[in-house]
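All ligand and atom numbering here is 1-based and tracks the order in the structure. By convention here, the first residue in the shown sequence is residue 1.
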Amino acid sequence: MKAVLESGDALLVVDMQNDFMPGGSLAVPRSDEIIPLLNRYIAWFHAHDLPVFATRDWHPPDHCSFLPQGGPWPPHCIAATAGAAFPAALVLPADTRIISKATHREQDAYSGFAGTQLDALLQADNVRRLFVGGIATEYCVRNTVQDALQRHYTVFVLLDAVRALNLQADAGPQALEAMAHLGAIPLHFEALNA
Ligand code: VGL
Ligand code: ZN
């Protein structure tokens with residue numbers, strides 16, 4: 001699949017945060033490897049005057065998804081901590097639209113659309129097509145892509161710029177298949193304006 005960037009396109013970088021990097025409290029294997037390519041996508045969109053959105057997990061210290069509260073995950077991405085910050089190597093433009101999610105103790109949210117202004121911000125920018133990369137493929141990427149499709153955005157999944165947690169072997173590939181089945185279009189960087 002090829003894609004030529006046009007007005008109405010936007011890049012959406014999902015949950016690229018230190019706690020999800022190798023060595024972080026909820027490390028996604030090899031998630032640091034996609035930073036250089038995400039930087040190329042970001043630069044490409046920025047050069048075309050197209051908006052860049054970035055979601056981030058932004059949890060309170062006693063979030064319901066954390067193990068001490070009976071949730072499935074070790075504490076991670078606590079708001080305003082170093083673990084919740086974007087990796088220093090990720091080069092986001094100054095005008096990046098940042099969307100914080102799962103900010104309330106009693107509510108978890110894998111999708112960037114859940115309880116946020118994302119949809120309203122996309123509409124304000126007249127976005128029609130979303131190019132989605134980041135982590136984790138089978139959690140926040142998948143849920144964000146599903147919600148975007150449900151809201152009738154055209155969605156491209158950046159196959160070379162996502163990484164899976166893969167707690168179950170093949171969870172990542174299965175999630176990519178499920179997204180494609182729902183209508184998301186798989187894309188590699190080389191196919192952009194190729
Ligand atoms: C995520 C687990 C817990 C994600 C967030 O960004 O995919 N996964 N919180
Ligand atoms: Zn989380």
(request) With heavy atoms under 4.0 Å as the rule, classify the contact between Val28 and ligand 1 as side chain, backbone, both or neither. (result) neither

Taking [X] for its side chain and [Y] for its backbone only, find out whether a donor-acceptor pair lies under 3.5 Å.
X: His188; Y: Glu190; answer: no
X: Arg97; Y: Asp95; answer: yes
X: Ser31; Y: Arg163; answer: no

Taking all atoms of both residues into account, what is the closest heavy-atom pair of [X] and [Y], and its distance?
X: Gly83; Y: Cys77; value: O-SG, 4.1 Å
X: Ser25; Y: Pro75; value: OG-O, 2.9 Å
X: Pro51; Y: Asp125; value: CB-OD2, 3.8 Å
X: Phe20; Y: Asp15; value: CD1-O, 3.2 Å

(request) From the options Thr116, Asn143, Asp147, select the one residue that forms a side-chain hydrogen bond (donor to acceptor under 3.5 Å, both in side chains) with Ser111. (result) Asp147

(message) More than 12 heavy atoms of other residues, nucleotides or ligands under 6.0 Å from CZ of Arg128: yes or no?
(response) no

(request) Count the heavy atoms of every other residue, nucleotide or ligand shown that sit under 6.0 Å from CD of Gln168, and state whether that count exceeds 12. (result) no

(message) Regarding ligand 1, does Tyr139 bring an N or O atom to under 3.5 Å of one of the ligand's N or O atoms?
(response) no

(message) I want to know if ligand 1 touches Leu26 in the polar sense, i.e. an N/O pair below 3.5 angstrom.
(response) no

(request) Spell out the protein N/O/S atoms under 2.8 Å from the Zn ion (ligand 2) as residue plus atom name. (result) Asp57 OD2, His59 NE2, His76 NE2

(message) Would His76 count as a contact residue for ligand 1, given that I'm defining contact as a non-hydrogen atom of the residue lying under 4.0 Å from a ligand atom?
(response) yes

Any atoms of ligand 1 less than 4.0 Å from a non-hydrogen atom of [X]? List them with their elements.
X: Ala136; answer: 4 (C), 6 (O), 7 (O)
X: Ile135; answer: 6 (O), 7 (O)
X: Phe20; answer: 1 (C), 5 (C), 6 (O), 9 (N)
X: Asp15; answer: 4 (C), 6 (O)

Which protein heavy atom lies closest to [atom], and at what distance to 0.1 Å?
atom: atom 4 (C) of ligand 1; value: Cys140 SG, 2.8 Å
atom: atom 2 (C) of ligand 1; value: Trp73 CE2, 3.5 Å
atom: atom 9 (N) of ligand 1; value: Asp57 OD2, 2.9 Å

(message) Taking side-chain hydrogen bond (donor to acceptor under 3.5 Å, both in side chains) as the cut-off, I'd like each qualifying pair that reaches into residues 69-92, sequence neighbours left out, listed once.
(response) Asp57-His76, His59-His76, Trp73-Tyr110

